[in-house]
Amino acid sequence: MKITSSVKGTRDYYPAEMGLRNWLYGKIRSVSRKFGYQEFDGPFLENLELYAAKSGEELVKKQAFVFPDKSGDPITLRPELTPSLARMVAQRIHQLSFPVRWWSFGPFWRYETPQKGRTREFFQWNIDLLGMENPQADAELAAVACEFFRDVALTAREVKLQVNNRRLMDSALEAIGIRGEAVGGTFRLIDKKEKMKQPEWEAHARETGLTVDQVKGLMKILNDLELWKQSRELVEFFDAVQAFGVSEYVEYNPAVIRGLDYYTGTVFEGRDADGEFRALLGGGRYDNLVADVGGGKIPGVGFAMGDVVIGLILKKNGKEPMLRIAPADVLVTTFSAQEATASMEISQSLRAAGIAAEWYPAPDRLPKQLKYADALGIRLAVILGPDEIRQGKATLKDLIRREQATIERADLLKEISKRLVGSPCE
RNA sequence: GUGGCUGUAGCUCAAUUGGCAGAGCGCUGGACUGUGGAUCCAGCUGUUGCGGGUUCAAUCCCCGUCAGCCACCCCA
């Protein structure tokens with residue numbers, strides 16, 4: 001019988017991967033709560049209409065998984081969370097206490113060609129602050145991202161948060177005569193700047209309809225690392241970032257634009273310092289989105305971080321956690337069929353005391369059982385043979401320290417608890 | 001969606017101009033019948049991604065297809 005293959009662009013979560021995913025979730029949860037954010041989630045299925053005018057055109061028309069339901073209505077597997085968030089806020093706008101601070105971690109789907117750092121099914125951390133439009137709120141989200149970097153031990157040398165502002169770019173472009181419909185094309189041009197060689201990029205810029213002077217002007221904008229000082233929003237933003245104590249991670253980058261149409265002000269991206277991977281997180285200010293889904297005018301700012309790229313960056317920098325495969329701290333071995341019952345009873349008495357204990361369910365050779373404990377990273381083994389049973393004792397073996405002692409059974413619990421303090425794994 | 005590279009044991013990879021499909025790691029057993037990681041010995045593991053074609057003969061050449069990766073596009 002042939003094994004049915006998995007769906008393209010999906011991943012299987014074996015216990016090791018599941019452990020990593022849960023570890024990541026734990027870090028995300030901890031940072032989010034530290035800043036006072038509440039966990040929520042939206043449905044995984046949404047009506048296509050929700051995304052129609054608000055997300056990028058590409059995201060909806062080409063990248064969304066859309067299926068007709070039995071009545072023929074187009075149902076979408078959510079490609080992002082922000083429109084759902086905007087709807088949920090719009091629906092309860094009179095009951096919520098603002099500022100609303102919400103976060104979420106869940107699956108999303110995009111129909112794209114899978115590559116490194118990009119899958120069709122992925123998990124994403126979303127965190128948003130709604131109801132405030134001051135730059136200090138933007139800075140808080142930047143601080144959340146940087147605090148997360150710190151919590152997973154990524155340094156400011158390894159990752160950066162690069163910031164820009166749409167309004168600043170709009171006015172800078174307007175100053176060189178680019179306005180209206182030409183702005184979108186120019187934004188895409190800016191996105192390409194880092195990927196293309198200089199003459200190539202200039203030629204491409206001319207093809208999109210820019211004059212020689214405009215290309216020069218655009219170059220000047222992109223090379224001016226002091227440009228942010230002309231933006232009151234960004235000046236206040238950077239002051240607040242300093243107050244939050246995360247300046248080391250945050251820098252101005254005029255080439256950061258973001259593709260999504262709903263961003264209106266500050267935008268930012270998390271990147272690894274070498275620029276080896278695609279953006280590990282992206283977000284910004286969206287002041288019209290709630291109104292666009294039929295709610296009142298509620299400004300918002302937030303970001304999303306996918307699990308795939310952060311996983312690659314953690315791995316590259318040696319910051320993946322040491323995770324144990326087995327949840328049990330103790331393996332109670334089974335010496336022979338005669339001692340099996342006593343072993344089971346001991347394992348249960350450990351559980352009753354709150355210790356995760358695994359009972360080896362067959363009288364296999366002792367070396368095999370100990371190898372099993374070793375392979376799963378179970379630190380302690382209890383050995384209960386005829387000698388121990390006769391004397392009312394038990395042997396406790398510490399697989400890490402390579403030592404063992406035969407002790408009174410009454411002392412077993414105490415000894416185990418003592419040895420489990422300060423375990424090296426998470 | 002377009003173009004390119006790759007696909008061999010559970011994992012990492014070999015295999016001469018087309019000529020019997022191999023190694024390391026891992027796994028199983030033993031050396032060691034009540035003690036794991038080291039060492040040594042032995043053993044197991046294959047529809048060479050899948051389907052077709054050319055050939056006396058295909059892992060190798062050709063076509064198709066699927067998957068991974070790279071670029072474009074876009075983005076977490």
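Both backbone and side-chain heavy atoms feed into the values below; hydrogens, waters and symmetry mates do not. Throughout, a chain's letter reflects where its sequence line sits, starting with A, and its residues are numbered from 1.
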**OP:** Could you tell me whether the phosphate oxygens of rU35(B), OP1 or OP2, come under 4.0 Å of any side-chain nitrogen or oxygen in K397(A)?
**Re:** no

Original post:
Has Q115(A) got a side-chain N or O lying under 4.0 Å from the OP1 or OP2 atom of rA71(B)?
Top reply: yes

Original post:
Cut-off 3.5 Å, side chains only: do T334(A) and W359(A) have a donor facing an acceptor?
Top reply: yes

Original post:
Side chains of E269(A) and Q162(A): is there a donor and an acceptor less than 3.5 Å apart?
Top reply: no

**OP:** Mark yes or no: R21(A) above the aromatic ring of F123(A), with NZ or CZ under 6.0 Å from the six-membered ring centre and no more than 45 degrees from the axis.
**Re:** yes

Mind checking if [X] touches a base, just sugar-phosphate, or nothing, with heavy atoms under 4.0 Å?
X: N126(A); result: nothing
X: S6(A); result: nothing
X: I383(A); result: base
X: F303(A); result: nothing
X: D307(A); result: nothing
X: R365(A); result: sugar-phosphate
X: L280(A); result: sugar-phosphate

Between atom [atom1] in [X] and atom [atom2] in [N], what is the gap in whole Å?
X: D191(A); N: rC72(B); atom1: CG; atom2: C1'; result: 14 Å
X: Y262(A); N: rC75(B); atom1: OH; atom2: C1'; result: 11 Å
X: L366(A); N: rG36(B); atom1: CG; atom2: P; result: 8 Å
X: K192(A); N: rC74(B); atom1: NZ; atom2: C1'; result: 11 Å
X: I389(A); N: rG34(B); atom1: CD1; atom2: C1'; result: 13 Å
X: Q369(A); N: rU33(B); atom1: CD; atom2: C1'; result: 15 Å
X: R401(A); N: rG36(B); atom1: CZ; atom2: P; result: 20 Å
X: L312(A); N: rG68(B); atom1: CG; atom2: C1'; result: 14 Å

Original post:
Got a donor-acceptor pair under 3.5 Å from the side chain of Q404(A) to the base of rU35(B)?
Top reply: yes

Original post:
Looking only at N and O atoms, is any donor in the side chain of E388(A) or the base of rG34(B) less than 3.5 Å from an acceptor on the other one?
Top reply: yes

Subject >> Parallel, tilted or perpendicular, as decided by the 30° and 60° cut-offs, for the rings of W109(A) and F44(A) >> reply: tilted

